[in-house]
Colleague: 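Please see the structure below; I have some questions.
These values consider heavy atoms only, across backbone and side chains, with no hydrogens, waters or symmetry-generated copies.
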Amino acid sequence: MRPGDSMALGGFLGGAQYLSADRGRPLLLVQTLAGTPARLAWRANSRGQALPGIGDGAYTSGDRAALRVGDTTVVFTLMGEARDRQPYLPWLAAQCATRLDQNAQGRKL
C-alpha cells in the first residue's frame, strides 16, 4: 500500500487515501476531524461493535471504524480490494488512538 495524495479539506478537516502499490487503486480512506465536524462524524459513526479501551471511544461497523481522542475523530473506510480486511480495523484504530494520545501528551508538557 502506498499513500495517495493527502486531502487538505480546510481547517478542521483532513484526510488521506492509500492506494495499492501495484495498480494504484484506492484501499483505505482516512479522515480526521476536529470541532463541530468531529462531533457530527462521531454521532454518525459511533455505532456497531464497540472497541473498549481504544481512545475515548471506538467502534467498527462493516468496512468502517471510527475513534475519538479528545476533540479529534478519525474515520477509517476500507475500499476496493481491502474490504475483506475488516478484522484489522480494531488494530488500526488502536494504533491511531495511541499516536493521537501521545501527541496530545507531548503538547501538554
Side-chain angles (χ1 to χ4, degrees):
M1 187 178 343
R2 65 181 175 84
D5 296 331
S6 63
M7 295 172 267
L9 303 172
F12 298 106
L13 308 171
Q17 186 173 11
Y18 292 85
L19 310 173
S20 63
D22 57 346
R23 292 181 275 177
R25 293 192 176 160
L27 297 175
L28 176 67
L29 176 63
V30 181
Q31 298 165 292
T32 59
L33 306 104
T36 300
R39 288 188 292 280
L40 295 172
W42 181 247
R43 220 175 285 143
N45 290 284
S46 59
R47 62 189 86 228
Q49 178 186 348
L51 303 173
I54 297 178
D56 296 327
Y59 289 86
T60 183
S61 179
D63 298 335
R64 185 171 286 195
L67 68 109
R68 188 165 177 89
V69 175
D71 191 40
T72 301
T73 298
V74 180
V75 179
F76 298 102
T77 306
L78 297 173
M79 303 167 71
E81 298 168 12
R83 286 192 172 132
D84 64 347
R85 308 290 186 184
Q86 296 167 351
Y88 294 99
L89 285 172
W91 175 85
L92 188 58
Q95 297 299 308
C96 181
T98 298
R99 290 186 184 196
L100 284 172
D101 190 48
Q102 287 172 346
N103 287 340
Q105 294 299 322
R107 279 185 253 140
K108 291 179 184 175
L109 298 177

Colleague: Could you tell me the separation between the CD atom of Gln95 and the CD1 atom of Ile54, rounded to the nearest 0.5 Å?
Modeller: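 Gln95 atom CD to Ile54 atom CD1 measures 9.5 Å (nearest 0.5 Å).
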Colleague: If you measure from CZ on Arg43 to CZ on Arg39, what distance do you get to the nearest 0.5 Å?
Modeller: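 Output value for this atom pair is 8.0 Å.
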Colleague: Quick check against the 3.5 Å criterion: does Ser20 have a side-chain atom that pairs as donor or acceptor with the backbone of Arg25?
Modeller: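 Confirmed, Ser20 side chain pairs with Arg25 backbone.
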Colleague: Can you tell me how far CG of Asp63 sits from CG of Leu89, rounded to the nearest 0.5 angstrom?
Modeller: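 Output value for this atom pair is 8.0 Å.
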Colleague: Assess the residue pair Trp42 and Leu40 against the criterion (side chain to side chain contact (heavy atoms under 4.5 Å, CB included)); give the C-alpha distance rounded to whole Å, side-chain angles, the decisive distance to 0.1 Å, and a yes or no.
Modeller: CA-CA 5 Å; Trp42 181 247; Leu40 295 172; over 6 Å; no
Colleague: Check the pair Leu78, Arg64 against side chain to side chain contact (heavy atoms under 4.5 Å, CB included), reporting the backbone distance first and the verdict last.
Modeller: CA-CA 6 Å; Leu78 297 173; Arg64 185 171 286 195; over 6 Å; no
Colleague: Quick check: does any side chain N or O of Asp56 sit under 3.5 Å from a backbone N or O of Gly70, one acting as donor and the other as acceptor?
Modeller: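 Here the side-chain-to-backbone pair exists.
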Colleague: Does Thr73 form a side chain to side chain contact (heavy atoms under 4.5 Å, CB included) with Arg68? I'd like the steps, not just the answer.
Modeller: CA-CA 4 Å; Thr73 298; Arg68 188 165 177 89; 2.9 Å; yes
Colleague: Just by modelled atom types, is the Gln102 backbone N or O under 3.5 Å from a matching donor or acceptor in the Thr98 side chain?
Modeller: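 Here the side-chain-to-backbone pair does not exist.
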Colleague: Measure the CG-CZ distance between Leu92 and Arg85 for me, rounded to the nearest 0.5 Å.
Modeller: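 Here the rounded value is 13.0 Å.
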Colleague: May I ask you to test the Leu33-Thr72 pair for a side-chain heavy-atom distance under 4.5 Å?
Modeller: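 The answer is no, as the side chains (C-beta and beyond) never meet within the 4.5 Å cut-off.
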Colleague: Is it the case that one hydrophobic cluster holds both Tyr88 and Phe76, taking links as side-chain heavy atoms less than 4.5 Å apart, direct or via other members?
Modeller: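 Shared cluster, no.
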Colleague: Taking the side chain from Ser61 and the backbone from Gly48, do they hold a donor-acceptor pair closer than 3.5 Å?
Modeller: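 Answer holds: no.
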Colleague: Would you say the side chain of Pro26 lies within less than 4.5 Å of the side chain of Tyr18, judging by non-hydrogen atoms?
Modeller: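 Heavy-atom side-chain distance check fails, nothing below 4.5 Å.
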Colleague: Quick one, Leu29 with Met79, criterion side chain to side chain contact (heavy atoms under 4.5 Å, CB included). Give me CA distance, side-chain angles, the key distance, then yes/no.
Modeller: CA-CA 7 Å; Leu29 176 63; Met79 303 167 71; 3.7 Å; yes
Colleague: Tell me if a side-chain donor or acceptor on Asp101 pairs with a main-chain N or O of Ala97 at a distance below 3.5 Å.
Modeller: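 No, because the side chain of Asp101 does not come within donor-acceptor range (under 3.5 Å) of the backbone of Ala97.
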Colleague: Over all heavy atoms of both residues, which pair between Leu51 and Ala93 is shortest? Give the atoms and the distance, please.
Modeller: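 Shortest heavy-atom contact: CD1-CB, 4.4 Å.
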Colleague: Rounded to the nearest 0.5 Å, what's the gap from CG on Leu67 to OH on Tyr59? Could you check?
Modeller: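 Here the rounded value is 12.0 Å.
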Colleague: How many angstroms lie between atom CZ of Arg83 and atom CG of Leu27, to the nearest 0.5 angstrom?
Modeller: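 Reported value, rounded in 0.5 Å steps: 10.5 Å.
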